Amino acid sequence: MTFAAPKRMRAIGPRSLKIGLGLSVFIILVTLLALVWTPFDPLFQNPDARLMAPDSQHLFGTDALGRDVLSLVMAGAANSVAVAGSAVIFGLAIGVPLGLWAAARSGWRDDVVMRGGDLVFAFPSLLTAVMLAAATGPSAFNAALALGVFNIPVFMRVVRGAGRGLWSRDFVTAARAAGQSTRSISIRHILPHVLGLVVVQAAVQFAVGVAAEAGLSYLGLGAQPPAPSWGRMLAESQTLIGTAPWLAIFPGLAIFATVLALSLTGDGLRDRLDPRLKREV
Amino acid sequence: MRWVHALVASALLVLAAPAWAEVPQSRLVIGVPLEPPHLDPTSGAAAAIDEVVYANVFEGLTRLTPNGTVAPSLAESWSASPDGLSWTFRLKHGVTFNDGTAFNAETVRFSLMRIVAAGSTNAQKALFAPVRDVQVIDPATVVIHLSRPVANLPYLLAWGDAAMVSPQSAATNGTRPVGTGLYTLSRWQRGGELELVRREDYWGRAPQTQRLTFRFIGDPAAAFAAVRAGDVDAFPNYPAPETIGELKRDPALVVTQGLSEGKVIMAMNNARAPFNDIRVRRALSYAIDRQAVIDGAMFGFGQPIGSHYSRQAEGYVDLTGRYPHDVAKARRLLTDAGYPNGLDATLRIPPRPYARRSAEVLVNQLAAANVRVKVETLEWAQWLDQVFGRKQFDLTIVEHVEPMDYDIYGRTDYYFGYNNPAFDALLAAVNTAPDEATRLSLLGDLQRKIADDAVNVFLFQSARIGVHKAGINGIWINAPIAANDMTGVTQSGIARGTANAPNTKTLPWHWIGFGLLAALLAFSAHRLGAAWTAKKVAGHTATLLAASVVIFALLQVLPGDPAAYMMGLNASPEAVATLRQQMGLDGPIIARYLSWVGGLFSGDFGTSYTYQTPVAGLIFERLSVSLPLAISALIASVLIALPVGVLAARYRGKTLDTGLIGLMQAGIAIPNFWLGLLLILLFSVGLGWFPAGGYSGWTSLLLPALALAAPQAAILARVLRTSLLDTLGDDYVRTARAKGLSKNAALIRHALPNAWIPVLTVLGLQAPFLLAGSVVIENVFSLPGLGRLAFQAVSQRDLIVVQGVVMVLVAAVVLVSLVIDIAYAVADPRQRDAALNGGRK
């Protein structure tokens with residue numbers, strides 16, 4: 001390629017997909033491992049080992065109650081993955097059918113659905129999630145719900161936007177001529193075509209969800225103690241940042257690595273799927 | 001590009017504003033952890049209000065000294081009749097309120113009868129219930145008649161709840177306090193600070209300090225930062241015990257440790273199985289290692305208690321040995337009670353650091369005794385509603401801050417459900433004790449009864465940790481009442497450095513805003529036609545209206561009662577009900593919605609429940625922090641994105657490009673609040689260049705703006721790079737290149753101006769979210785911004801403020817999308833035509 005013709009060049013190299021997938025697999029393995037094994041019991045408090053700097057025994061140091069930070073970070077992964085993952089599933093379960101429906105029915109029904117999506121987008125998402133989570137009572141489940149609400153219009157738009165054009169394509173006309181119902185065309189023909197896009201968007205929303213969950217937990221609106229949570233660990237680290245900086249560094253790195261893994265995967269998949277789409281990013 | 005100029009200009013204007021602050025003489029900045037909702041000590045939750053106004057603004061007939069004894073204040077002397085039913089008080093002469101009205105016997109009668117009157121919202125109404133009448137003998141003498149003897153009446157009269165108020169101003173003391181004290185309110189920036197100024201016509205000895213500034217810093221991290229940076233002169237009730245070790249090493253600071261009245265208990269629901277069984281309650285008392293709780297949760301600050309009684313109170317008996325830590329005994333008691341395999345319970349705690357940290361330690365200790373505890377953190381309003389109000393709990397942890405509040409164990413319907421006629425008899429005996437010696441001995445029996453019945457698990461008495469600059473004398477070390485009596489404080493040899501009173505000058509923003517909007521619409525009607533403009537405006541207005549319905553409906557279903565929140569722990573249900581009615585919370589929903597929306601159109605956002613001031617004013621105040629923050633973040637993100645995006649495009653495919661792409665990926669993935677923490681670690685803790693939190697002028701916005709900007713910059717840079725590469729492929733650039741223009745020149749002169757469009761779109765879409773998205777960042781840096789206002793308002797159930805803030809943010813989003821629509825239509829008439837023909841893209 002020459003300098004003059006970069007129109008179809010990739011936004012991000014194919015390397016990003018490899019790095020993203022590799023990192024994602026690593027994080028998933030650690031998350032699963034933490035379910036059965038961590039170096040210490042993450043909830044075990046050792047009053048004689050409070051605020052110990054990282055050493056060979058406690059690789060990430062210990063916190064104010066003498067708990068092992070490495071074990072807490074490992075155990076906290078499950079919480080992040082569960083909350084962000086549930087939020088994505090919630091968004092998928094409602095957003096995709098709505099998007100398919102809106103794409104199939106143009107006119108006022110489409111208008112109503114899309115206007116509804118606009119309405120949700122007009123709300124400041126994080127602040128509204130804070131409001132919802134606080135209103136329903138702080139817990140991991142409610143955090144997932146509050147974040148999930150904002151995933152609905154995202155998936156709805158992706159599916160509707162891509163699905164809309166497909167309705168004028170020949171294979172749809174053929175299916176229609178063969179007597180298939182709108183619903184069955186949506187499921188059998190439209191959905192498989194937009195599935196790739198949905199997967200890409202799911203990876204992106206997963207990344208967004210992990211970061212947002214950390215924010216909610218930081219404000220005390222995520223998983224409740226003593227369940228380990230990265231965001232809450234950061235909140236608790238703040239007053240000790242001068243004396244025990246490791247408390248602020250390791251949970252943050254974990255959030256960073258997870259978000260990075262997922263967003264690299266999403267970007268890489270997007271490029272792999274359809275290079276033309278990159279311009280709409 | 002003109003946009004950018006305008007943005008920069010307005011940002012500079014806003015940023016430069018705080019530089020005009022004047023430097024007042026003899027000012028004392030006091031950090032306080034809680035902002036009072038209003039300033040009337042005779043109504044509602046008293047502690048936070050007393051911390052500001054007690055003795056400083058309002059005075060009572062008597063007052064408490066730093067060591068807890070009762071001293072004369074507005075009354076010179078007093079005596080009781082032999083039967084204890086009438087008390088005669090001799091009043092001081094020549095006392096005036098700060099509005100000039102005179103204080104006399106009539107004032108006393110008014111103030112005291114107001115407490116016990118029907119419809120009173122005084123939180124301590126129950127304590128003063130025996131007051132039958134106040135008789136005016138002469139202007140300087142009153143007799144208080146009681147229906148039953150109250151031996152400690154002079155002590156009760158020293159409480160802030162019994163402050164003397166003037167009939168003319170009693171109703172408005174919440175926002176314009178009029179007291180007989182040394183100071184008057186001069187300024188109150190909600191969520192930020194409050195300033196009291198010395199009265200020149202004070203009736204007594206004038207204090208040395210001319211101005212008292214109370215700065216509200218509830219967040220432990222921010223409190224630590226403010227003390228370290230010297231932003232506050234004193235923090236008498238310092239909320240971050242974990243940082244004391246570090247502060248003690250600073251020779252310019254003095255750290256004190258005194259006693260507070262705060263009794264932290266793990267309350268048990270005595271009315272509910274299994275905690276209605278005394279063996280179970282005792283088992284839990286044995287299962288707890290108090291010293292370990294104090295060490296683990298309070299970093300060693302605090303002292304164990306054995307009953308609901310503070311160590312410095314008169315008549316205290318040490319009962320800490322009643323239930324020594326004995327896990328085996330705890331298990332045995334549980335087995336006896338029919339729980340050989342232990343039991344499961346839920347611990348529902350309020351969102352306070354002491355409660356959360358104590359819970360984490362207690363869960364482990366109880367597990368050792370086979371009590372499996374699940375912790376649920378409730379929001380304060382929910383805790384008040386569900387635990388305190390409806391008694392839906394097994395266990396909870398809470399700090400009771402009222403002094404001598406043993407009477408709560410005699411209340412029939414109190415939250416922990418203790419009901420014992422033997423105790424009630426004891427309580428009556430205390431109240432009618434013929435002499436002091438008998439009373440004290442009865443108080444001992446009372447403490448033993450509470451401990452024997454193991455009503456609750458008594459954990460510890462909080463230490464009152466204070467920090468102040470060396471050279472300041474006279475600050476209370478103990479807190480016999482939650483107060484910051486500053487009237488006796490002296491300073492020596494302190495040159496106040498930077499005074500950072502935030503600037504109060506503001507431009508008439510709402511008129512400027514209206515003007516700009518009108519100009520925009522006029523322009524749109526001119527260029528794009530009135531019909532198109534009207535259609536667009538109607539569409540966006542419909543979105544706004546729909547949003548207002550959603551917001552309002554959402555907040556109506558919130559659990560929690562704003563009135564209960566405002567009244568605090570010790571308030572009577574009757575006072576709460578009265579307040580609910582006064583706040584207009586019992587009207588029909590539709591009517592309330594219509595009146596709210598109607599108000600919005602005239603710029604009236606309603607009146608805040610907690611602050612009792614117009615919501616619009618609160619929002620404007622917070623915008624003066626959030627707007628500069630968002631704008632600086634926006635500018636910073638452009639300044640970072642521009643070179644990064646251009647360089648990456650210029651060296652496409654080279655190592656530099658790969659490196660910059662990696663940087664962009666990292667920037668997008670980094671959580672902005674973690675970046676904020678890292679910046680604090682580097683620049684505040686490490687290098688000491690910037691304040692680590694709190695708002696004291698534009699320097700405190702630099703780090704948060706940077707943290708907010710980084711992820712946005714990464715996104716912008718990526719969009720810019722892609723857009724540049726696309727433009728470079730366009731024909732006219734190719735032509736320019738063919739004519740011999742260099743790569744750099746083609747990039748800067750031709751590609752860049754055209755690549756701006758997508759960047760500006762992304763920028764425009766992000767801008768309103770920078771305003772709202774900073775809620776976590778504002779918490780990290782403890783900035784009094786819009787997001788924090790909304791966050792606080794949600795937890796205080798100040799629904800009308802939440803409605804207002806969210807509405808403003810939604811309006812900002814809708815407005816920006818209108819601007820983008822107009823800009824696009826101007827740039828591309830085909831879109832306008834398509835829109836007019838009713839087609840959607």
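The analysis underlying the following values was restricted to heavy atoms, covering all of them including side chains, and did not include hydrogens, waters or symmetry mates. Note that the structure is predicted; figures quoted are calculated from it, not measured.
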ask   = By a 4.5 Å heavy-atom criterion (distance strictly below it), what part of A:Ala122 contacts chain B: side chain, backbone, both, or neither?
value = both
query = Relative to chain B, which of A:Thr239, A:Thr128, A:Leu119 shows the most heavy atom pairs under 4.5 Å?
reply = A:Thr239
inquiry  = Could you measure the distance from the CZ atom of A:Arg67 to the CG atom of B:Asn364? Nearest 0.5 Å is fine.
reply    = 8.0 Å
note = Honestly, the part of A:Leu65 sitting under 4.5 Å from a heavy atom of chain B is side chain
note = Turns out that what part of B:Ala547 lies under 4.5 Å from chain A's heavy atoms comes down to both
Side-chain heavy-atom pair A:Arg50, B:Asp295 within 4.5 angstrom cut-off = yes
request  = Heavy atoms only, distances under 4.5 angstrom: which of A:Gly215, A:Ala235, A:Pro226, A:Ala227 has the most pairs with chain B? Name it, please.
outcome  = A:Gly215
key: Under 3.5 Å: donor-acceptor pair, side chain of B:Trp674, backbone of A:Leu234   = no
key: Heavy-atom contact with chain A under 4.5 Å, split by part of B:Pro671   = side chain
remark   = Separation between CG (B:Leu677) and CD1 (A:Ile241), nearest 0.5 Å, reads 5.0 Å
query = If you tally heavy-atom pairs under 4.5 Å against chain B, which of A:Ser263, A:Ala212, A:Ala214 wins?
reply = A:Ala214
inquiry  = Under 4.5 Å from any heavy atom of chain B, what part of A:Thr258 do you find: side chain, backbone, both or neither?
reply    = neither
inquiry  = Taking side chain as everything from C-beta outward and backbone as N, CA, C, O, which of these in B:Ala666 sits under 4.5 Å from a heavy atom of chain A? Side chain, backbone, both or neither.
reply    = both
query = Can you say whether B:Thr543 sits under 4.5 Å from chain A via the side chain, the backbone, both, or neither, judging by heavy atoms?
reply = both
message = Main chain of B:Gly296, side chain of A:Gln45: is a donor-acceptor contact present, judged purely on distance under 3.5 Å?
response = no
ask   = Step by step, would you call A:Leu221 with B:Phe791 a side chain to side chain contact (heavy atoms under 4.5 Å, CB included)?
value = CA-CA 11 Å; A:Leu221 300 173; B:Phe791 181 55; 4.0 Å; yes
query = Given that the side chain runs from C-beta out, which part of A:Tyr218 has a heavy atom under 4.5 Å from chain B: side chain, backbone, both or neither?
reply = side chain
ask   = Looking at B:Arg356, B:Glu360, B:Lys374, which makes the most heavy-atom pairs under 4.5 Å with chain A?
value = B:Glu360
message = Between B:Glu376 (side chain only) and A:Gln224 (backbone N and O only), is there a donor and an acceptor less than 3.5 Å apart?
response = no
message = So for B:Val802, is it side chain, backbone, both, or neither that comes closer than 4.5 Å to the heavy atoms of chain A?
response = side chain
query = Ion pair present between A:Glu236 and B:Arg357, side-chain N to carboxylate O less than 4.0 angstrom?
reply = no
ask   = Does the side chain of A:Leu43 reach to within under 4.5 Å of the side chain of B:Val363, using non-hydrogen atoms?
value = no
query = Heavy atoms, side chains only, cut-off 4.5 Å: are A:Phe123 and B:Val550 in contact?
reply = yes
key: Test item: A:Asp267 and B:Gln665 side chains (from C-beta on) under 4.5 Å apart, heavy atoms   = yes
key: Under 4.5 Å from a heavy atom of chain A, the part of B:Ser817 involved   = neither
query = Does the side chain of B:Val810 come within less than 4.5 Å of A:Pro124's, by heavy atoms?
reply = yes
ask   = Using non-hydrogen atoms only, which part of A:Leu216 is less than 4.5 Å away from chain B: side chain, backbone, both, or neither?
value = neither
key: Leading residue by heavy atom contact count with chain B [cutoff under 4.5 Å; candidates A:Leu262, A:Ile255, A:Leu240, A:Ile249]   = A:Ile249
